[in-house]
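A quick write-up on the structure given underneath.
Chain A is the first sequence line, chain B the second, and so forth, proteins listed ahead of strands; every chain is numbered from 1.
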Amino acid sequence: MRPPRGRAALAALAVVLAVAAGCLADARGWAFAQDNAKLKEMYRRPDTIPFPADNPYSDAKAKLGEMLFFDPRMSGDKNISCATCHTPSLAWSDPLKVSIGAGNQPMSKRSQTLLNLAWTELLMWDGRFPSLEDQVLGPLFKSDIMGNSKTGMVEEINAIPAYRGLFEQAFPGGAVSVEAVAKALATYERTIVSNKAPFDRWIENDENALDAAAKRGFALFNGKANCAACHNTWRFTDDGFHDIGLADQDPGRGKQVPDVPVLMHAFKTPTLRNVAQRPPYMHDGTIDGLEAVVRHYAQGFVTRPSLSPEMKKLDLTARDIQDLVAFMRSLTSDDDPVTIPVLPAKEAM
Amino acid sequence: MRLVPLVRVVVCSVVLYSLAASPSAIAGEVSVGQAHQKFSEDAVSIKAGDSIKFVNDDNVAHNVMSAGPGGSKNAGLQKAGDSTTILYDKAGEYRVHCGIHPKMKMTVKVD
Ligand SMILES: [Cu+2]
């Protein structure tokens with residue numbers, strides 16, 4: 001007996017869908033089982049730094065930004081510079097659980113590294129600033145960070161004749177202004193890029209650049225440990241926001257974007273470049289070492305509705321943990337020493 | 001099903017292609033993928049009353065937020081394999097991004 005036509009069509013559709021489902025699963029399998037060469041290609045460093053069209057690079061801007069970055073006179077009490085909490089000696093962060101700002105006030109979070117921010121999307125642990133130019137205005141004028149005022153800052157800079165000349169060179173025809181300070185600092189920040197690390201030499205096919213433990217760690221990182229779900233690309237970050245189950249109550253990104261439940265307790269994925277140089281870890285600085293970080297991912301996180309779907313308990317052996325740490329250590333670059341600029345003096349009237 | 005790799009590639013391409021192409025047969029639905037933490041299109045042009053089906057063909061969870069004339073829409077959490085459809089009934093320019101991965105962005109132009 002022939003089935004009615006509708007049923008035949010349905011049956012055909014079911015077959016097509018079943019094959020399609022198989023194909024999608026296959027496609028995913030392929031994605032995971034990509035041969036090493038293809039995987040390594042995803043981690044290759046770019047050759048040039050991107051600068052935005054509305055604040056293009058110039059040597060004069062970068063040089064001025066560098067001076068402002070290291071100048072404590074940018075703070076209300078003239079005692080704190082950007083480098084106080086983002087010191088090049090400690091991978092552009094600081095050694096504290098949470099930074100200490102103006103008037104010795106503790107901030108609510110740990111200092112983030114400034115490495116490789118030219119490529120990032122949103123700034124801060126909770127992503128509240130859309131660009132480096134916008135971000136600068138945060139620390140300068142907040143009472144618990146650098147505690148300056150806009151007029152106070154512009155007056156102070158104008159009282160230093162050499163600075164007026166440097167602003168004129170960087171922004172021809174423009175006066176000293178808050179916007180110019182932001183553009184110069186942002187330009188300098190974009191030039192803060194980590195050099196090649198042993199990992200990059202391995203990516204470029206120097207097989208001896210990594211030892212066996214780090215190579216196994218790389219495989220785990222992209223495989224069973226699932227780290228690359230969030231720490232991906234050459235900077236080892238998706239520039240996204242995730243709740244990885246740290247036990248504190250800080251709403252993080254959830255305060256900025258309350259209508260997406262998984263953004264509650266979610267924080268910006270940090271780059272893992274030079275990560276071994278800047279403990280303690282996490283937005284609250286509560287994890288002291290890299291081994292403890294891996295243990296957190298394996299078993300140590302709290303389960304709650306906002307927990308990222310990418311967080312799954314991991315079955316890692318003691319050797320797996322060592323291998324993942326060895327891999328992360330291979331991301332430390334041999335950077336040239338950073339020179340601290342000589343700053344122009346104020347002229348007494 | 002263990003097919004010879006080449007046969008598998010051909011069969012899969014044909015099946016997936018026909019499925020991907022089929023929404024255009026149903027008037028007014030366009031399909032956008034999310035593989036590798038990227039929308040498959042940077043920009044899409046549709047007509048008022050059409051919808052976009054966002055298909056999570058990636059291996060991580062995503063979200064879709066769409067803002068434009070008539071307010072913003074939020075598709076919530078989309079796990080791997082899930083899809084969600086957003087109806088665009090007002091003309092204008094919409095900005096679409098993923099709340100989890102703000103780097104995932106695209107625009108929708110509705111005529
Ligand atoms: Cu996403």
Side-chain angles (χ1 to χ4, degrees), chain A residues 12-13 15-32 34 42 119-123 126-130 222 226 228-233 235 237-243 253-254 256-264 266 268-269 305-312, chain B residues 1-23 25-26 31 33-38 40 55-67 71-84 95 97-105:
Chain A
L13 184 64
V15 168
V16 170
L17 284 178
V19 176
C23 289
L24 276 180
D26 260 2
R28 218 165 276 146
W30 289 340
F32 273 125
Q34 284 174 87
M42 288 163 44
W119 289 267
T120 201
E121 187 69 23
L122 303 179
L123 282 307
D126 64 2
R128 64 186 178 276
F129 292 115
N222 289 283
N226 200 34
C230 305
H231 297 280
N232 47 44
T233 78
R235 289 181 300 124
T237 172
D238 57 0
D239 295 297
F241 297 85
H242 309 273
D243 174 6
R253 185 78 181 142
Q256 310 291 322
V257 188
D259 44 0
V260 180
V262 287
L263 294 182
M264 186 51 73
K268 179 174 162 179
T269 310
S306 55
L307 185 74
S308 162
E310 271 55 76
M311 294 290 295
K312 288 164 196 137
Chain B
M1 182 165 68
R2 277 264 139 249
L3 300 176
V4 189
L6 182 63
V7 176
R8 187 167 67 174
V9 169
V10 171
V11 170
C12 287
S13 310
V14 169
V15 171
L16 287 178
Y17 179 78
S18 63
L19 273 187
S22 60
I26 308 162
S31 186
Q34 295 164 313
H36 306 298
Q37 306 188 3
K38 248 180 103 133
S40 57
V55 182
N56 186 348
D57 49 357
D58 205 354
N59 48 23
V60 298
H62 292 295
N63 155 267
V64 178
M65 302 232 237
S66 177
S72 57
K73 284 184 182 154
N74 169 6
L77 182 68
Q78 263 185 298
K79 294 205 172 154
D82 286 359
S83 56
T84 186
R95 301 200 150 274
H97 77 277
C98 167
I100 301 169
H101 309 103
K103 226 169 204 170
M104 294 174 65
K105 295 186 268 204

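- Interatomic distance, A:E310 CD to B:N59 CG, rounded to the nearest 0.5 Å: 8.0 Å.
- Heavy atoms closer than 4.5 Å to chain A are found in the side chain of B:M65, but not in its backbone.
- Highest contact tally toward chain B, considering only A:S308, A:G240, A:P261, is held by A:G240 [criterion: heavy-atom pairs under 4.5 Å].
- Summarising the local packing, NZ of B:K73 is surrounded by more than 12 heavy atoms from other residues, nucleotides or ligands at distances under 6.0 Å.
- Between B:K103 and A:D239, the closest heavy-atom pair is NZ-OD2, 2.9 Å.
- Inter-residue side-chain proximity for A:M42 and B:H36 is flagged as unmet; no heavy-atom pair is nearer than 4.5 Å.
- Shortest non-hydrogen contact noted between A:V260 and B:N63 is CG2-ND2, 3.8 Å.
- Residue contact with chain B, scored on non-hydrogen atoms closer than 4.5 Å, involves the backbone and the side chain of A:A229 alike.
- Heavy atoms of A:V257 lying under 4.5 Å from chain B belong exclusively to its side chain.
- Proximity to chain A is limited to the side chain of B:L77, based on heavy atoms less than 4.5 angstrom apart.
- Nearest approach of B:N74 to A:D259, heavy atoms of both residues: ND2-O, 2.7 Å.
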